[in-house]
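Numbered from 1 within each chain, the chains take letters A, B, ... in sequence-line order.
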Amino acid sequence: MHDLNYFREHLDLFEQMARHRGIELDLDGFRALDRERRELITAAERSKAERNKASEEIARLKKAGQDASGLIAEMKRVSDRIKQDDERIALLDERLREFLLIVPNLPHPSVPVGRGEQDNVEVRRWGTPPQFSFAPRPHWEVGERAGILDLPRAAIIAGTRFALYKGAGARLERALANFFLDLHTQEHGYTEILPPFVANRASLVGTGHLPKFAGDMFRLEGTGLWLTPTAEVQLTNLYRDETLDADALPIKVCAWTACFRSEAGAAGKDTRGIARQHQFQKVELFKFTRPEQSYDELESLVRDAEAVLQRLGIHYRVVQLCTADIGFASAKTYDLEVWLPSTGAFKEISSCSNCEAFQARRAAIRYRPKGGKSDFVHTLNGSGLAVGRTWLAVVENYQQTDGSIVVPEALRPYMGTDRIPAPAAAKA
RNA sequence: GGAGGAGUGGCCGAGCGGUUGAAGGCGGCGGUCUUGAAAACCGCUAGGCCCGAAAGGGUCUCGGGGGUUCGAAUCCCUCCUCCUCCGCCA
């Protein structure tokens, strides 16, 4: 959320932002609301000043044993008027808040202006696509043939867009998560957090998921709780309503969690396989930083995520998202995209964003520089990585002619084997 | 889930319905003193919003919300959180 005063004084910036992101913003509506609110506040406060003065006078008269009934009667009328004004002001405050809560963040000046994902800019590539002597199969075929993935049974248990991993497939999922966590905690300096998998309304408003994106999440009926769509939610709210010690920044945390998305708007995309699921696992990287260091920290966050793919030896590229494609809360976002041999294309596997003070303002996360006034921190988040999509990338990139899957070296300690056996050898 | 207790400024802790934004202490900042430091002493030490070019003025905030009243930290209702005891449970 944006600061009201800043918003009011920089309407031109927000107009430009709306154009660049391709959204509608009712700025005329804002102006009218804002003007009426301020006029009413001025009037109400004048009345309150009058009442406060009269109250002192009443106290003085009573102490002196004199009659104050005339003044009291007059103040009764003033108080009634104040009450009416205050009610109207509260209503306008609420409207204003509702408006500001759905205004997205301002993109950083370095973000390319664009109209959609076709305008995203490739920043760099790592590695090369693997060579196959056969036509590489999509991951669901490789997985089902090897007996490590069972989507039909997942559909019976829960429905479509849920996955069931089996045997080495389940272990691969677990191995990936452990490998990610060990790398980030032992080599990149993140502290591991294991948070709740549900979040309350205030937490989701803090990150920007509510009120605008309620339709993309699962709500737990009758509880006021939601299944978390990303650990970004829990990690952002780790310090909601707190003031952090400036010397403690940057604070780097990571978390493995399940993530749940109803993806109401995604029907028809990625319908085969496990790329787009209602439930998936993710290891999230997260930083609380001082404003002046956040963009350096974003670059290193991206490198931390990239390190995972480098260790796994999977070809990928880094893409900077354009203004039309960055998320609601983000000021700047890099995506990591892995190479998928079955489609001969890159697929998003991580998204790393600097939200600047956008979420910190919503969630009231501050820091206090020594001897200075407290200010909002910057929050950064990134997938390090999405486990399910990494599973898929490993299976596709390391599939063999006979249907077996070579385990990347970095995963062998976690898998206890260097190969997931071929279908013929796999048990049903 | 049941019963009881508590929520005041960065922290501790006072606070008869009427100069209480809030005593006192601690902590923090500045100063005096000192070669330096400590001690001692003196002063300063919340934020939001509105008006204003500024200086400054006004207003709101004592867990949240609502009510009573001319006036609420102080009275009433309600919600939340924490603590204690009981129950249930992996």
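- Distance noted for atom C1' between rU20(B) and rG9(B): 13 Å (whole Å).
- The minimum heavy-atom distance linking S404(A) with A422(A) is given by the pair CB-N, 3.5 Å.
- Atom name C1', nucleotides rG24(B) and rG1(B): the rounded distance is 43 Å, in whole Å.
- Going from atom CD of E242(A) over to atom P of rG10(B) covers 14 Å, rounded to whole Å.
- Nearest approach of G189(A) to K252(A), heavy atoms of both residues: O-CB, 3.9 Å.
- Between the side chains of S330(A) and N105(A), no donor N or O sits under 3.5 Å from an acceptor N or O.
- Applying the 4.0 Å criterion to OP1 and OP2 of rG71(B), one finds that S79(A) has a side-chain N or O inside that range.
- Of the residues in residues 89-103 of chain A, none lies under 4.0 Å from RNA chain B by heavy-atom distance.
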Run F358(A) and F328(A) through ring pair (Phe, Tyr, Trp, His ring centres under 6.0 Å) and show every step you take.
CA-CA 10 Å; F358(A) 186 82; F328(A) 175 78; 5.5 Å; yes

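- Distance K53(A) NZ to rG57(B) P: 13 Å, rounded to the nearest Å.
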Checking ring pair (Phe, Tyr, Trp, His ring centres under 6.0 Å) for the pair W391(A)/Y165(A): CA distance, chi angles, key distance, verdict?
CA-CA 10 Å; W391(A) 189 100; Y165(A) 302 94; 5.0 Å; yes

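- The main-chain N or O of T230(A) is found under 3.5 Å from a side-chain atom of T228(A) such that the two form a donor-acceptor pair.
- Listed by first and then second residue, the salt bridge (charged side-chain N to carboxylate O under 4.0 Å, His left out) pairs involving residues 177-188 of chain A are E187(A)-R311(A) (not counting sequence neighbours).
- A18(A) meets the side chain to side chain contact (heavy atoms under 4.5 Å, CB included) test with I23(A), L25(A); sequence neighbours excluded.
- Between the C1' atoms of rC44(B) and rG10(B), the separation comes to 16 Å (whole Å).
- With respect to the salt-bridge test (charged N to carboxylate O, under 4.0 angstrom), the residues E74(A) and R77(A) do not qualify.
- R21(A) places no side-chain N or O within 3.5 Å of a backbone atom of A324(A) that could act as its donor or acceptor partner.
- The nearest pair of heavy atoms linking R362(A) to M1(A) is NE-N, 3.0 Å.
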The contact string for nucleotides 75-83 of chain B, one letter per nucleotide 5' to 3', using protein heavy atoms under 4.0 Å with B, S and - for base, sugar-phosphate only and none, comes out as ---------

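- Nearest heavy atoms, I349(A) versus S383(A): O-CB, 4.1 Å.
- Between S262(A) and D216(A), the side chains place no donor N or O within less than 3.5 Å of an acceptor N or O (distance only, hydrogens not considered).
- Nucleotide rG48(B) holds its P atom 14 Å from the CZ atom of R37(A), rounded to whole Å.
- Atom CG of D86(A) and atom C1' of rG67(B) are 15 Å apart (whole Å).
- Nearest-nucleotide mapping onto RNA chain B: of N5(A) and E87(A), the residue sitting toward the 5' end is N5(A).
- Legend: residues meeting side chain to side chain donor-acceptor pair (under 3.5 Å) with D86(A), ordered by chain and number and at least two apart, are K48(A).
- The separation of rA40(B) from rA46(B), taken at their C1' atoms, amounts to 29 Å, rounded to a whole angstrom.
- Between R81(A) atom CZ and rG71(B) atom P the separation is 14 Å, expressed in whole Å.
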What verdict does the ring pair (Phe, Tyr, Trp, His ring centres under 6.0 Å) test give for Y295(A) and H108(A), after you've listed the backbone C-alpha separation in whole Å, the side-chain angles of each residue and the deciding distance to 0.1 Å?
CA-CA 10 Å; Y295(A) 279 95; H108(A) 187 266; 4.2 Å; yes

Got a list of protein N/O to nucleotides 16-18 of chain B N/O distances below 3.5 Å?
residue, atom, partner, partner atom, Å
rG18(B), O6, K62(A), NZ, 3.3

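- If you measure from atom CD of Q66(A) to atom P of rC70(B), you get 20 Å, rounded to the nearest angstrom.
- Nucleotides rU74(B) and rC60(B), compared at atom P, are 15 Å apart to the nearest Å.
- Sorted by first then second residue, the side-chain hydrogen bond (donor to acceptor under 3.5 Å, both in side chains) pairs that include residues 1-13 of chain A, not counting sequence neighbours, are N5(A)-R8(A), R8(A)-D34(A).
- Across rG67(B), rC60(B), rC50(B), the shortest atom-to-atom separation from the side chain of N52(A) is found for rC60(B).
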Protein N or O to nucleotides 52-54 of chain B N or O, pairs below 3.5 Å:
none

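- The I41(A) side chain lies nearest to rC49(B) when the options are rC49(B), rG67(B), rU59(B).
- Rounded to whole Å, the distance from CD1 on I82(A) to C1' on rC50(B) is 15 Å.
- rU32(B) and rA37(B): their P atoms are spaced 11 Å apart (whole Å).
- Taking side-chain N and O atoms only, R8(A) has a distance below 4.0 Å to OP1 or OP2 of rC50(B).
- Taking atom C1' in both rG71(B) and rC16(B), the straight-line distance is 16 Å, to the nearest Å.
- Counting only Watson-Crick or G-U wobble pairs whose defining distances are both under 3.5 Å, the stems of 3 or more consecutive pairs in RNA chain B are B:1-7 with B:80-86, B:10-12 with B:24-26, B:27-32 with B:40-45, B:46-51 with B:56-61, B:63-67 with B:75-79.
- Here the shortest heavy-atom pairing between G388(A) and I274(A) reads O-CD1, 3.6 Å.
- To the nearest 0.5 Å, atom OG of residue S203(A) and atom CG of residue L238(A) are 10.5 Å apart.
- In this structure W256(A) satisfies the ring pair (Phe, Tyr, Trp, His ring centres under 6.0 Å) test together with F197(A), sequence neighbours excluded.
- Residue pairs meeting the side-chain hydrogen bond (donor to acceptor under 3.5 Å, both in side chains) criterion with at least one member in residues 168-180 of chain A, sequence neighbours excluded: E173(A)-Q281(A).
- For the segment residues 44-51 of chain A, residues with any heavy atom less than 4.0 angstrom from an atom of RNA chain B are, sorted by number, E45(A), K48(A), A49(A), R51(A).
- In this structure, D85(A) atom CG and rC50(B) atom C1' are separated by 13 Å, rounded to whole Å.
- As rounded to the nearest Å, rG65(B) and rG57(B) have C1' atoms that lie 30 Å from one another.
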